[in-house]
Amino acid sequence: MGLGGLRIAAATSAQLRATGLFNATLESATQDPTQITSAFTATIAILAPWVRHLAAGLAPLGLLVWLVAFGVGRSALLRRYDARLPARRWLLASCEAVRLVAVVLVCWLWYAAMQWSARYALGPATAEPGAAQAEPNLVLYCALALSVTLGLFMAWSALSWLLVAAPLVALLERCSLAEAVRRSLRLPRVRRQLLEVNVAMGIIKLSLLLLAMVFSASPLPFASNMEGWGLNVWWLAVTLAYCAASDFFKMARLVAFVEYLRPLAAREVLAPLPSART
């Protein structure tokens with residue numbers, strides 16, 4: 001994937017520079033939003049065929065490798081935390097595959113919403129009243145983009161707890177994935193606690209992302225003195241620190257879920273399924 005990205009950068013660098021996007025500033029974007037909109041459109045048109053070709057060739061292999069590594073690594077980590085948990089690597093890999101499908105769907109919704117926001121706020125005037133602004137409105141576009149992003153983020157934080165709880169219920173209850181999903185939806189008392197933990201961790205990850213962006217931009221006032229490898233090393237260090245902190249809080253959420261669900265599994269107070277009553 002990295003080599004493919006380098007090949008794309010080498011093949012399209014001249015075309016990307018010609019779009020003028022690299023020369024855009026906040027002042028120029030505010031004064032002439034039409035120019036930066038055209039630059040963004042041209043950049044996407046240049047990169048889209050290359051990215052689609054690379055994704056079609058490497059995405060299936062990369063997905064398989066990721067799922068295998070996730071199943072082995074997550075199982076080892078959970079068993080190190082609690083050796084009594086069974087090592088069901090393929091079940092964990094299957095749950096991760098379902099989560100990735102949900103992530104792709106959310107990303108597609110975000111992309112579609114951003115496209116609509118761009119057409120409405122930055123697109124040319126049309127004959128239909130209210131279909132688009134008469135003049136490109138960068139402030140409206142930023143407001144729409146922020147609202148869409150935060151809305152989808154909060155919706156994901158409120159609903160994705162099920163994707164975390166289901167594999168843990170399957171491990172603690174020694175049941176199948178489908179049964180674990182049904183049991184997770186019928187948790188008697190801890191659903192609110194799981195939702196609170198998931199939303200709190202989502203807010204923490206958003207704060208980490210904003211903090212990483214601030215640290216990434218902090219050397220910019222000193223760009224004349226700090227450039228080249230020094231700047232790249234700084235950005236690499238910030239990226240690694242963000243990934244480490246994000247993984248730490250992800251594991252904190254996992255441990256919290258295990259501790260909330262363990263009493264239910266130990267006392268067998270999960271809501272009985274219809275098949276169990278008959």
Side-chain angles (χ1 to χ4, degrees), residues 1-12 43-81 85-115 148-149 152-153 155-171 175-182 184 198 201-202 205-206 208-209 212 236 239-255 257-258:
M1 188 70 72
L3 292 176
L6 291 176
R7 289 180 57 190
I8 293 175
T12 61
T43 301
I44 293 175
I46 293 170
L47 293 178
W50 292 88
V51 173
R52 283 196 296 265
H53 179 74
L54 181 64
L58 294 181
L61 178 61
L63 179 62
L64 179 61
V65 172
W66 170 257
L67 292 179
V68 172
F70 180 89
V72 174
R74 182 56 56 88
S75 176
L77 193 59
L78 286 173
R79 284 179 57 80
R80 183 165 183 175
Y81 172 71
L85 294 174
R88 303 180 64 179
R89 300 177 181 87
W90 288 111
L91 181 138
L92 293 174
S94 301
C95 293
E96 177 66 5
V98 174
R99 190 188 74 86
L100 288 179
V101 171
V103 169
V104 170
L105 178 60
V106 171
C107 290
W108 180 83
L109 289 175
W110 176 83
Y111 178 76
M114 295 295 289
Q115 291 289 96
V148 166
T149 302
L152 283 177
F153 177 82
W156 172 258
S157 298
L159 298 176
S160 62
W161 67 269
L162 179 62
L163 301 175
V164 181
L168 298 178
V169 171
L171 294 180
C175 59
S176 66
L177 178 58
E179 186 176 353
V181 172
R182 295 171 64 190
S184 299
N198 202 55
M201 290 301 168
K205 291 191 68 174
L206 180 61
L208 288 175
L209 180 60
L236 178 62
T239 302
L240 293 177
Y242 166 77
C243 291
S246 178
D247 286 345
F248 172 81
F249 285 106
K250 186 180 294 185
M251 287 310 305
R253 177 183 63 179
L254 200 64
V255 170
F257 272 48
V258 170

About how many Å separate CZ of Phe248 and CZ of Arg253, when rounded to the nearest 0.5 Å?
-> 13.5 Å

Look up atom CG in Leu206 and atom CE in Met201, then write down how far apart they are to the nearest 0.5 Å.
-> 14.0 Å

Output the distance between atom CZ (Arg89) and atom CG (Leu67), rounded to the nearest 0.5 Å.
-> 15.0 Å

Between the CZ atom in Phe70 and the OG atom in Ser75, the distance rounded to the nearest 0.5 Å is 10.5 Å

Minimal heavy-atom distance between Arg79 and Leu85, with the atoms involved, is NH1-O, 2.6 Å

Kindly give the heavy-atom pair with the smallest separation between Gly202 and Ser157, and that separation in Å.
-> CA-OG, 4.0 Å

Within a reach of under 6.0 Å around CH2 of Trp110, are more than 12 heavy atoms found that belong to other residues, nucleotides or ligands?
-> no

Shortest non-hydrogen contact from Ser160 toward Asn198 = OG-ND2, 3.0 Å

So, does Ser246 use its side chain to make a donor-acceptor pair with the main chain of Tyr242 at under 3.5 Å?
-> no

When every non-hydrogen atom of Phe257 is compared with those of Trp161, the smallest separation belongs to CE2-O, 3.6 Å

From Arg182 CZ over to Ser176 OG, what is the distance, rounded to the nearest 0.5 angstrom?
-> 8.5 Å

Leu163 and Ala102 have their tightest heavy-atom pair at CD1-CB, 4.0 Å

Please step through side chain to side chain contact (heavy atoms under 4.5 Å, CB included) for the pair Leu171 and Leu92, ending with a clear verdict.
-> CA-CA 9 Å; Leu171 294 180; Leu92 293 174; 4.2 Å; yes

Heavy-atom pair with the smallest gap, counting every atom of Val181 and Ala166 | CG2-CB, 3.9 Å

Could Glu96 and Arg99 be called an ion pair, given the rule that one side-chain N must be under 4.0 Å from one carboxylate O?
-> yes

Quick one: do Leu254 and Leu168 satisfy side chain to side chain contact (heavy atoms under 4.5 Å, CB included)? Show the steps, please.
-> CA-CA 9 Å; Leu254 200 64; Leu168 298 178; 3.9 Å; yes

Is a side-chain donor or acceptor of Arg88 paired with a backbone partner of Ala170 at a separation under 3.5 angstrom?
-> yes

